[in-house]
**Student:** 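Below you'll find the structure I mean.
Just follow the structure's listing: the first ligand is 1, and inside any ligand the first atom is 1. Along the sequence shown, residues are numbered consecutively beginning with 1. Treat the numbers as computed from the prediction; the structure is a model and nothing was measured.
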Amino acid sequence: MKRIGTIHTPFTVLQDMPIQPKGAKEVIGTIDLEERYREGLDDLEGFSHIYLLYEFHMAKRTALKVTPFMDKTERGVFATRSPLRPNHIGLSIVRLIKIEGRTLTIQGIDVLDGTPLLDIKPYIAPFDEVKESTSGWMKASAEEVSRKRSDDRFVG
Ligand SMILES: C[S@@+](CC[C@H](N)C(=O)[O-])C[C@H]1O[C@@H](n2cnc3c(N)ncnc32)[C@H](O)[C@@H]1O
């Protein structure tokens with residue numbers, strides 16, 4: 001696995017930032033794709049949303065049980081979006097605003113400035129949309145998630 005680019009956002013510390021794209025609706029960021037991957041952006045324009053896979057590069061440890069931001073109970077890490085997973089891989093669906101050369105402007109990004117990007121995939125509703133789903137322990141409303149800000153529980 002290697003970095004294909006870098007995600008730039010207004011967030012310079014891990015605390016007090018959005019915990020999901022829902023809480024970062026108005027947040028504009030950019031992706032600086034490495035030049036050698038530029039041709040891979042061909043045909044991406046026209047997709048309103050993209051998946052970003054990235055490395056939680058400031059996560060310094062793994063924990064198999066974590067207390068998620070939206071809960072007070074410890075949960076298995078694979079039942080959460082915590083950064084402390086064995087491979088420190090994060091996932092966000094963001095709006096694609098424009099592509100200029102190897103720079104992508106995106107909206108709704110919930111990661112720290114300087115986060116290493118591992119992959120980009122188009123969001124394709126006919127493939128990806130799930131009409132009926134359940135969310136296990138996660139009972140918070142979209143509104144509660146969008147208001148929640150991170151703290152230092154996963155730092156260090
Ligand atoms: C709960 S995770 C969810 C991220 C992503 N939407 C997901 O579901 O994989 C978001 C939190 O991870 C932390 N975070 C963001 N960028 C990070 C990075 N580069 N390294 C370590 N932690 C990061 C911040 O505390 C942020 O609030």
**Student:** Could you check Val66, Leu64, Thr67 and say which one makes a side chain to side chain contact (heavy atoms under 4.5 Å, CB included) with Glu74?
**Tutor:** Thr67
**Student:** Please list the nearest protein heavy atom to atom 18 (C) of ligand 1 with its residue and the distance rounded to 0.1 Å.
**Tutor:** Phe56 CA, 3.7 Å
**Student:** How far is atom 24 (C) of ligand 1 from the closest protein heavy atom, and which atom is that?
**Tutor:** Met17 SD, 3.8 Å
**Student:** What atoms of ligand 1 come closer than 4.0 angstrom to any heavy atom of Ser92?
**Tutor:** 5 (C), 6 (N)
**Student:** Pick whichever of Gln20, Arg149, Lys148 has a heavy atom sitting closest to atom 3 (C) of ligand 1.
**Tutor:**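 That would be Gln20.
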**Student:** Out of Gly108, Ser82, Pro18, whose heavy atom is nearest to atom 26 (C) of ligand 1?
**Tutor:**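 Nearest heavy atom to atom 26 (C) of ligand 1 lies in Pro18.
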**Student:** Suppose we measure from atom 16 (N) of ligand 1 to each protein heavy atom; which comes out shortest, and what is that distance?
**Tutor:** Leu112 N, 3.1 Å
**Student:** Considering only non-hydrogen protein atoms, determine which one is nearest to atom 1 (C) of ligand 1 and report residue, atom name and distance to 0.1 Å.
**Tutor:**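 The protein heavy atom lying closest is Arg81 O, 3.4 Å.
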**Student:** If you look at every heavy atom in Asp110 and Met17, which pair is closest and at what distance?
**Tutor:** O-CE, 3.3 Å
**Student:** For atom 11 (C) of ligand 1, which candidate among Phe69, Phe11, Phe154, Tyr54 provides the closest heavy atom?
**Tutor:** Phe69
**Student:** Which heavy atom of the protein is the closest neighbour of atom 23 (C) of ligand 1, given with residue, atom name and distance?
**Tutor:**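 Here the closest protein heavy atom is Leu14 CD2, 3.3 Å.
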**Student:** Do me a favour and list the nearest non-hydrogen protein atom to atom 6 (N) of ligand 1 with residue, atom name and distance?
**Tutor:** Asp110 OD2, 2.7 Å
**Student:** I'd like to know if the side chain of Arg3 pairs up with that of Thr6 as donor and acceptor (distance under 3.5 Å, no hydrogens or angles considered).
**Tutor:** yes
**Student:** Return the closest protein heavy atom for atom 7 (C) of ligand 1 as residue, atom name and distance.
**Tutor:**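 Ranked first by proximity to atom 7 (C) of ligand 1 is Leu91 O, 3.0 Å.
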**Student:** Got the closest protein heavy atom to atom 12 (O) of ligand 1, with its distance?
**Tutor:**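 It is Pro83 CG, 3.5 Å.
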**Student:** Atom 19 (N) of ligand 1: which of Ile19, Thr115, Asp151 has the nearest heavy atom?
**Tutor:** Thr115
**Student:** Indicate whether the side chain of Thr9 and that of Asp113 have a donor and an acceptor atom separated by less than 3.5 Å.
**Tutor:** no
**Student:** At a 4.0 Å threshold, what atoms of ligand 1 neighbour a non-hydrogen atom of Val111?
**Tutor:**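 That gives atoms 15 (C), 16 (N) of ligand 1.
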**Student:** Answer yes or no: is there a side-chain heavy-atom contact under 4.5 Å between Asp151 and Phe69?
**Tutor:** yes
**Student:** Using a cut-off of 6.0 Å, state whether more than 12 heavy atoms not belonging to Asp42 lie near its atom CG.
**Tutor:** yes
**Student:** Please report the interatomic distance CD(Gln20) to CE(Met70), rounded to the nearest 0.5 Å.
**Tutor:** 10.0 Å
**Student:** Where do Ala142 and Lys22 come nearest, in terms of heavy atoms and distance?
**Tutor:** CB-CE, 3.7 Å
**Student:** For Glu144 versus Ala140, what's the shortest heavy-atom pair and its separation?
**Tutor:**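 For Glu144 versus Ala140, the nearest heavy atoms are OE1-CA, 3.2 Å.
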**Student:** Using a strict 4.0 Å cut-off to heavy atoms of Gly90, name the atoms of ligand 1 that fall inside it.
**Tutor:** 9 (O)
**Student:** Taking only heavy atoms of Ser150, which atoms of ligand 1 are found under 4.0 Å from at least one of them?
**Tutor:** 25 (O), 27 (O)
**Student:** Assess the side chains of Asp128 and Tyr51: does a donor N or O sit below 3.5 Å from an acceptor N or O?
**Tutor:** yes
